[in-house]
There are 2 protein chains.
Amino acid sequence: MKKDTRQEILEAARTLFNQYGYNGVSLRDIADAVGISKGNLTYHFSKKEDIIEGLLNAEKMTLPPAAPGTIAELDAMFIDMQKAVESHSYFFLHHAQLAQVSESIRQKQSRRYKIIWPHFYKSFASLRDNGFFRPELFPGEYDRLVDMLYMTMIYWAPFSRLQQSAAGRGMDFRRHIWGALYHLLTEQGRAELAKILTL
Amino acid sequence: MKKDTRQEILEAARTLFNQYGYNGVSLRDIADAVGISKGNLTYHFSKKEDIIEGLLNAEKMTLPPAAPGTIAELDAMFIDMQKAVESHSYFFLHHAQLAQVSESIRQKQSRRYKIIWPHFYKSFASLRDNGFFRPELFPGEYDRLVDMLYMTMIYWAPFSRLQQSAAGRGMDFRRHIWGALYHLLTEQGRAELAKILTL
DNA sequence: GTCTATAAACCGATAGAC
DNA sequence: GTCTATCGGTTTATAGAC
């Protein structure tokens, strides 16, 4: 088994960034976590910025091949997204902080939005065509709701912390988002949702 | 005219934090912006953390005395909120980052949530009683929608930047939020909204 | 590839003169 | 109140031996 130091560095960095944010982690922290010297670290990544770039490049965006067309499929996508957000919270939790690190990172964030947004939108249209979602009440309603969904996805982690410390109990991402989208569901859609989730 | 150095420091710090975030601004940056020495700065604020605390304490939370009971009143509250987000973007743009600075700040954020949340909730109930909002589709629907509203409020700033750079155009906070709440409106509510805003 | 050593800069915070 | 000077620590990044 070959030790891939570069990979170990990326993994350790991801864990640390998840917890403390980009600015809160030093190169020494990362080197210590991997168990290598600081000099060795900069042999693999000459600049700190390169580490987070490498992290973002290594991460493959896992999107279902086709936009979800049933309630269960969309729900499965929510579950996947929640997992992705948890394991890559460095990216989501410190979204604004990260955007300032470099122009390249800011562009990656925008690109992600550009890719995921239409996927959600197509899913909404598909669910409507399949009779699970009601039509738009006005032109552009789906646009707002997809934005709302994306926003909930990326900021759920810090928000739920706020919620938890204030109200004493946290709300589950999945239940929250289905609750906020419930008005979109037709009778048929509600029946499907009831099979997999009780609000 | 008496120079209030303490006040000048707070203003300069607010401007810098707005732009670069708490971690991205050093005491030297602030001192230079005010035109005083670093030593003088720490005479007024012995720790960096004290500066942001002073900033948060100076800001008075402007809430209407009674929860909005009409569409126009709620809309006015949205406009106020949008202004607050713009002028205190240091707080909103780096909301998640700020929570990690100190326990005291995290508590302030939670307290704000605890105060504003019921205000929104009462407003929703009042608008329902007045015939502008439809009743809940299931118990707890208003809870989710108020959370969605609060989330939009605090994370609108970073999200709209993402949107802007990705889609080339920014969406107005007020139009976004009314679009996402449109399904709540009764016929009467829609007529009221049409008087002040076209979606 | 990995290490030690260190440069060069910056950080927050303090001491003390005026 | 405001300043200069500086401490002690940390940061990113580089140089060079092995």
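Proteins come first, then strands; the chains are lettered A, B, ... in the order of their sequence lines, and each starts at number 1.
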Visitor: Determine: side-chain N/O of A:Tyr43 to OP1/OP2 of C:dT2, distance under 4.0 Å, yes or no.
Guide: no
Visitor: Enumerate the salt bridge (charged side-chain N to carboxylate O under 4.0 Å, His left out) contacts for residues 120-141 of chain B, please, sequence neighbours excluded, ordered by first and then second residue.
Guide: B:Arg134-B:Glu141
Visitor: To the nearest angstrom, how far is A:Leu27 atom CG from D:dT14 atom C1'?
Guide: 13 Å
Visitor: Between P on C:dT2 and CZ on A:Arg6, what's the gap in Å once rounded to a whole number?
Guide: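 The answer, rounded to whole Å, is 13 Å.
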Visitor: Could you tell me whether A:Ser37 contacts a base, only the sugar-phosphate backbone, or nothing, with contacts defined as non-hydrogen atoms closer than 4.0 Å?
Guide: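 If one applies the 4.0 Å heavy-atom cut-off, A:Ser37 turns out to touch a base.
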Visitor: Please classify the nucleic acid contact of B:Thr42 as base, sugar-phosphate, or nothing, using heavy-atom distances under 4.0 Å.
Guide: base
Visitor: How long is the line joining CD of B:Glu49 and C1' of C:dC11, in whole Å?
Guide: 16 Å
Visitor: Please state how far atom CG in B:Asp4 lies from atom C1' in D:dT2, giving the value in whole angstrom units.
Guide: 15 Å
Visitor: Does a side-chain N or O of B:Asn40 approach OP1 or OP2 of D:dC3 to a distance below 4.0 Å, or not?
Guide: yes
Visitor: Between P on D:dT12 and CG on A:Asp32, what's the gap in Å once rounded to a whole number?
Guide: 12 Å
Visitor: If only side-chain N and O atoms of B:Thr5 are considered, is one of them under 4.0 Å from the OP1 or OP2 phosphate oxygen of D:dT2?
Guide: yes
Visitor: Map A:Arg28 and A:Gly39 onto DNA chain D by nearest heavy atom, then report which one ends up closer to the 5' terminus.
Guide: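 It is A:Arg28 whose nearest nucleotide is closer to the 5' end.
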Visitor: Rounded to the nearest Å, what distance is computed from the CD1 atom of residue B:Ile9 to the P atom of nucleotide D:dG1?
Guide: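 Those two atoms, CD1 and P, are 11 Å apart.
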Visitor: Taking NZ from A:Lys48 and P from C:dC10, how many angstroms apart are they, rounded to a whole number?
Guide: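 That distance rounds to 16 Å.
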Visitor: Whole angstroms only, please: what is the CD1-C1' distance between B:Ile30 and C:dG12?
Guide: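 These atoms are roughly 11 Å apart.
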Visitor: Report yes if a side-chain nitrogen or oxygen of A:Ser26 is closer than 4.0 Å to either non-bridging phosphate oxygen (OP1 or OP2) of D:dT11; otherwise report no.
Guide: yes
Visitor: Compare all side-chain heavy atoms of A:Leu27 with those of A:Phe45 and state whether any distance is below 4.5 angstrom.
Guide: no
Visitor: If we only count heavy atoms from C-beta on, is the B:Tyr182 to B:Arg190 side-chain gap below 4.5 Å?
Guide: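 Yes - at least one pair of side-chain heavy atoms lies under 4.5 Å apart.
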Visitor: When all nucleic acid strands are considered with a 4.0 Å heavy-atom cut-off, which category describes A:Lys38: base, sugar-phosphate, or nothing?
Guide: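 Answer is base: heavy atoms of A:Lys38 come under 4.0 Å of a base.
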Visitor: Do the side-chain N and O atoms of B:Asp147 and B:Tyr113 include a donor-acceptor pair separated by under 3.5 angstrom?
Guide: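 Per modelled atom types, B:Asp147 and B:Tyr113 side chains form a pair under 3.5 Å.
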Visitor: Within the 3.5 Å criterion, strictly below it, is a donor on B:Gln97 or A:Asn23 matched to an acceptor on the partner's side chain?
Guide: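 There is no such pair between these side chains.
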